2 protein chains.
Amino acid sequence: MGSPWKALSDDNRRRILLLLKKKEIVTPTEIAHHFNFTMSGVSINLRILKEANLITEKREGKNKLYSLNRTTTAELARFFDDMYDYKLKSLKEYIENKERKRK
Amino acid sequence: MGSPWKALSDDNRRRILLLLKKKEIVTPTEIAHHFNFTMSGVSINLRILKEANLITEKREGKNKLYSLNRTTTAELARFFDDMYDYKLKSLKEYIENKERKRK
DNA sequence: TTGATAGTTATAGAACTATATAAATGTTTA
DNA sequence: TAAACATTTATATAGTTCTATAACTATCAA
C-alpha cells in the first residue's frame, strides 16, 4: 500500500481527485483530455492514487472507470485529529456555517 | 510559501509535528535527541515545516522554540472539504461526540 | 484474425528530496 | 573579547519522483 501522503503531495494528482469528486466516475482518457495530460502520465498517477487507496478502479468493456474511495481519508483525518483536535472544532464551526448557508 | 502537502509528505516531519503537538513547545536539540536525528536534519525539516506555515518559531536566548501553528490547516482542511464534504460531516459528528465526552 | 480503441508498462533523463559531514552564524556568559 | 553552546547553512551524494516517448497488452467488433 502506497503512502496517501505521497499521493496527495502532487498537484496534478490532487486535481485528478477533485475532478473525480465532481464527475463521480471518469476514464483515464477523459482525465487526459480534461487536463491535457499524456495517457501514460494519467495512468501512472491513477496507479499511485489507487495504491494509496484514494480511488477505486473497475473495468467496463474497453474502458476503465475510476472513482473516489470515500472511506480512506479516515487515515488522513486521524492525523489531523491527532494534530489539531481543537482545530477541528473550528473546522466544525466552518462546516456548520456552510450547512447554514446551504439551507 | 512552501507547499504544506510536500511538507506533510515526509514521515519524519509528521513525527516532528506530532511531537510538537504533544509537548507544545520544543527546541531543535530536544527533537534531535528524541528521534535521534542529526541537528542539521532537524533544522532543515523545521525550515520546511515553517515555510509551509505549519509551525511557528521564536527565539529565546540561545534557543529557538518551535510550536504548532494551529491556524494553517484551514488550507488543507479546505481540500478535504472540497473532496470529501460528506466525510467532514461525519468528522463533525465525531468531534461532537468527543466534546460530549470531554464534559 | 485483423484493426481499432483504451490503457499500461518500460526506459531514460531532468528535477527534486533527504541526509550526512563540515563550516559558519548567532547568543550568552565569563 | 574569547569560549561555549545552540542552531543554521553549504556542499556533496544517494535516492526518489516526474514526465515524455515508445513499446506493449487487453478488449471489442468486423
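Each chain gets a letter, A, B and so on, in the order its sequence line appears, and its residues count up from 1. All figures in this text were calculated on a predicted structure; none of them were measured in a lab.
Comparing C:dT8, D:dC18, D:dT17 by their closest approach to the side chain of A:D10 singles out D:dC18. Across D:dA6, D:dT8, D:dA20, the shortest atom-to-atom separation from the side chain of B:N63 is found for D:dA6. When each of C:dA18, D:dT8, D:dT21 is scored by its nearest atom to the side-chain atoms of B:E57, the top-ranked nucleotide is D:dT8.
Heavy-atom minimum distance, A:S67 versus A:E24: CB-O, 3.1 Å. The two residues B:M1 and B:E51 come nearest to each other via the heavy atoms SD-O, 3.3 Å. Minimum interatomic distance between B:L8 and B:R14 (heavy atoms only, all atoms of both residues): O-NH1, 2.7 Å.
Under 4.0 angstrom from either OP1 or OP2 of D:dA20 there lies at least one side-chain N or O belonging to A:T38. Here B:R59 does not reach the OP1 or OP2 of D:dA6: none of its side-chain N or O atoms lies under 4.0 Å away. A close approach under 4.0 Å does not occur between any side-chain nitrogen or oxygen of B:K62 and OP1 or OP2 of C:dG26. The side chain of B:Y66 contributes an N or O atom lying less than 4.0 Å from OP1 or OP2 of D:dT8. Within the structure, a side-chain polar atom (N or O) of A:R47 is placed less than 4.0 Å from OP1 or OP2 of C:dT9. Close to C:dT19, at under 4.0 Å from its OP1 or OP2, lies a side-chain N or O of B:N12.
Along DNA chain C, the nucleotide closest to A:T27 and the one closest to B:S40 are compared, and the more 5′ of them pairs with A:T27.
If you check every strand for non-hydrogen atoms under 4.0 Å, A:G41 touches nothing. Using a 4.0 Å heavy-atom criterion, one finds that B:I44 contacts the bases of the nucleic acid, with or without backbone contacts as well.
Looking at B:Y66 and B:T27, their side chains never come closer than 4.5 Å, going by heavy atoms from C-beta outward.
Between the P atom of C:dT8 and the CG atom of A:L49 lies a distance of 12 Å, rounded to the nearest Å. One interatomic measurement links the two molecules: NZ of A:K64 to C1' of C:dT9, which rounds to 11 Å at whole-angstrom precision.
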